[in-house]
Amino acid sequence: MKLDKSNFSEWYDTVLRESGLYDYGRYPVKGMGVWMPFGFKLRRLVLDNIVRRILDETGHEEVLFPVLIPKTLLEKETEHIRGFEGEVYWVTKGGHEELDIPLALRPTSETAISYMESFWISSYKQLPMKLYQIVPVYRYETKATRPLIRLREVSTFKEAHTAHESFEDADKQCKEAIEIYKRIYDELGIPYMINMRPSWDRFAGALYTVAFDTVMPDGRVLQIGTVHHLGQNFTIPFEVRFQRKDEEVDYAWQTSYGISDRIIAALIAVHGDDRGLVLPPKVAPIQVVVIPIPQKDEELDKKVREVAKEITEGLKEKGWRVVLDDRDDKTPGHKYYEWELKGVPFRIEIGKRELEGELTVARRDIRKRTKVKREELDQKLKEMSEEFFNNIKEKAWEFMRSRIVQTDDLEEAKELVEKRMVVEVPWCGRKECGLRMDEEVGRVLGMPLDKDAKVKGKRCITCGREAKVIVRLAKTY
RNA sequence: GGGGCCGUCGUCUAGCUUGGUAGGAUGCCAGCCUGGGGCGCUGGUGGUCCCGGGUUCAAAUCCCGGCGGCCCCA
């Protein structure tokens with residue numbers, strides 16, 4: 001099997017399946033795939049070790065809402081339903097009977113949650129209320145679907161929903177959400193831009209939307225997280241009212257923020273190489289593989305296997321996720337390729353040489369071997385895990401930075417977007433010009449929040465008026 | 001939303017133009033042989049030729065419809 005990451009589309013599809021992560025394109029429903037055992041483990045480690053841990057640490061509580069939402073609820077907030085109506089799956093029958101009220105497979109849960117919050121919230125003392133759930137959501141995508149990137153069944157949707165006493169509190173919550181997402185993506189070594197989406201590209205029903213975007217190996221931008229200030233847009237129609245300390249009754253202020261399967265898509269895409277996956281040790285389902293090198297001499301061979309087993313058990317006791325590959329119908333070289341495809345960070349080779357001297361540990365990211373004393377193995381692996389992670393993280397950030405460029409010229413901007421670069425250009429801030437850029441140059445990602453976006457003395461690239469801010473443009477998924 | 005390409009054992013693919021026995025590689029299984037980067041040999045396994053309909057004595061091949069995948073443009 002040959003892998004070539006420069007042909008990203010093919011690389012991505014092949015790696016997903018061949019590494020045993022996700023089987024896509026064979027299940028007979030468009031836009032729906034199957035998490036295989038190895039992929040499920042990775043997904044669970046990312047969710048449990050990173051996403052859930054950080055949300056729990058920051059005072060969020062996990063809940064679980066039904067997948068079905070009655071039409072009447074979904075339609076309560078008019079702007080919201082307008083944004084989604086074209087892509088909702090409807091359950092209209094139960095057995096042979098037509099349902100009185102059609103039930104939607106949730107495309108997102110703002111309406112369901114607001115409905116219940118109207119019962120739960122009555123006093124400022126209950127606020128803020130910070131809930132989240134990790135559930136599948138359904139969207140009848142009309143564009144081409146792609147595994148983990150554009151699905152009709154988004155199998156993993158982490159959606160947080162918070163309610164607050166005031167606009168300012170909700171605003172502060174959005175800032176917290178941004179910090180949380182920084183932590184999550186930093187822990188995975190996934191680089192990101194933070195962009196304030198333009199008014200015409202907000203979440204349906206939001207006052208503003210902030211997005212996390214990353215750059216995929218082919219230069220296209222992938223949105224990997226969003227944060228919305230919902231104002232009172234849902235609490236008014238759903239009558240989520242509470243009494244303030246000053247005894248006035250007000251509608252609560254909400255935010256919502258989500259991360260989907262794309263977190264895994266990005267993880268795979270930004271770190272992988274021509275041999276397959278490269279997984280950060282923290283989330284790798286298998287962190288270490290031990291491979292005994294068979295020996296002609298029977299006595300020696302037995303000894304090698306014994307030591308391999310001891311090393312494996314020793315690491316297990318120390319808490320490492322480790323596998324002993326003692327299959328004897330495969331040659332060591334064959335095994336190397338297999339485990340490299342699966343992104344196992346460390347490989348310990350144990351043969352004749354290791355019986356006398358030090359152990360051989362191979363690192364997946366740089367594909368180099370080092371010698372490690374047996375008694376120092378646990379400690380060294382810890383150190384190497386850190387170096388490993390820092391290395392792949394830095395490489396990923398370097399790549400993303402190299403794809404972001406600036407220009408003040410419309411034609412040049414077009415060319416750069418055509419070359420799959422993210423282009424930063426001065427903008428007057430008027431919607432008219434923004435839409436024109438959207439149409440003629442590239443998708444408007446919005447105003448950068450990860451750097452100073454104010455500009456002075458520059459002209460808008462479309463109309464020539466004085467520019468107010470920088471906006472980012474790119475090809476997107 | 002518009003345009004294009006494609007669908008054949010698990011995977012990659014030949015065959016389709018000109019209708020007539022579905023062939024290879026890889027994988028998988030068994031045995032032998034090997035073993036520090038995909039070893040080799042022998043044998044075996046595996047195909048509703050995406051689905052439905054039509055034309056025909058005969059369809060993987062031609063025609064129509066559908067489903068699914070990929071690419072480009074908006």
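Just so you know, these numbers use all the heavy atoms, side chains as well, and skip hydrogens, waters and symmetry mates. Proteins get letters first, then strands, A, B, ... in listed order; numbering begins at 1 in each. Note that this is a predicted model, so its numbers are computed, not measured.
- Applying the ring pair (Phe, Tyr, Trp, His ring centres under 6.0 Å) rule to A:Y140 yields the partners A:Y89; only residues at least two apart in sequence or on another chain are considered.
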Would you tabulate the pairs of protein nitrogen or oxygen atoms and nucleotide nitrogen or oxygen atoms of nucleotides 27-32 of chain B closer than 3.5 angstrom?
none

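- Applying the side chain to side chain donor-acceptor pair (under 3.5 Å) rule to A:E394 yields no partners; only residues at least two apart in sequence or on another chain are considered.
- For the segment residues 24-32 of chain A, residues with any heavy atom less than 4.0 angstrom from an atom of RNA chain B are, sorted by number, A:Y24, A:R26, A:K30, A:G31.
- For A:D273, the side chain to side chain donor-acceptor pair (under 3.5 Å) test picks out A:R364, with sequence neighbours left out.
- Figure legend: cation-pi geometry between A:R220 and A:F8 absent, as NZ or CZ is not positioned both under 6.0 Å from the six-membered ring centre and within 45° of its axis.
- For RNA chain B, the stems formed by at least three consecutive Watson-Crick or G-U pairs, with both atom-pair distances below 3.5 Å, span B:1-7 with B:67-73, B:10-13 with B:23-26, B:28-32 with B:40-44, B:50-54 with B:62-66.
- The ring pair (Phe, Tyr, Trp, His ring centres under 6.0 Å) pairs that include a residue from residues 359-383 of chain A number zero, where partners must be two or more places apart or lie in different chains.
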Shorter than 3.5 Å, N or O on both sides, protein versus nucleotides 71-74 of chain B: list them out with atom names.
from, atom 1, to, atom 2, distance (Å)
B:C71, OP1, A:S9, OG, 2.1
B:C71, OP1, A:R146, NH1, 3.1
B:C71, OP1, A:R146, NH2, 3.3
B:C71, OP2, A:R146, NH1, 2.9
B:C72, OP2, A:R220, NH2, 3.3
B:C73, OP1, A:E418, OE2, 3.1

Check: protein-nucleotides 41-46 of chain B nitrogen or oxygen pairs below 3.5 Å:
none

Table please: side-chain donor-acceptor pairs of residues 287-294 of chain A below 3.5 Å, with sequence neighbours left out.
from, atom 1, to, atom 2, distance (Å)
A:Q287, OE1, A:R321, N, 2.7
A:Q287, NE2, A:P281, O, 3.0

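- For A:E187, the salt bridge (charged side-chain N to carboxylate O under 4.0 Å, His left out) partners at least two apart in sequence or on another chain are A:R53, A:K282.
- Sorted by first then second residue, the ring pair (Phe, Tyr, Trp, His ring centres under 6.0 Å) pairs that include residues 370-396 of chain A, not counting sequence neighbours, are A:F346-A:F388.
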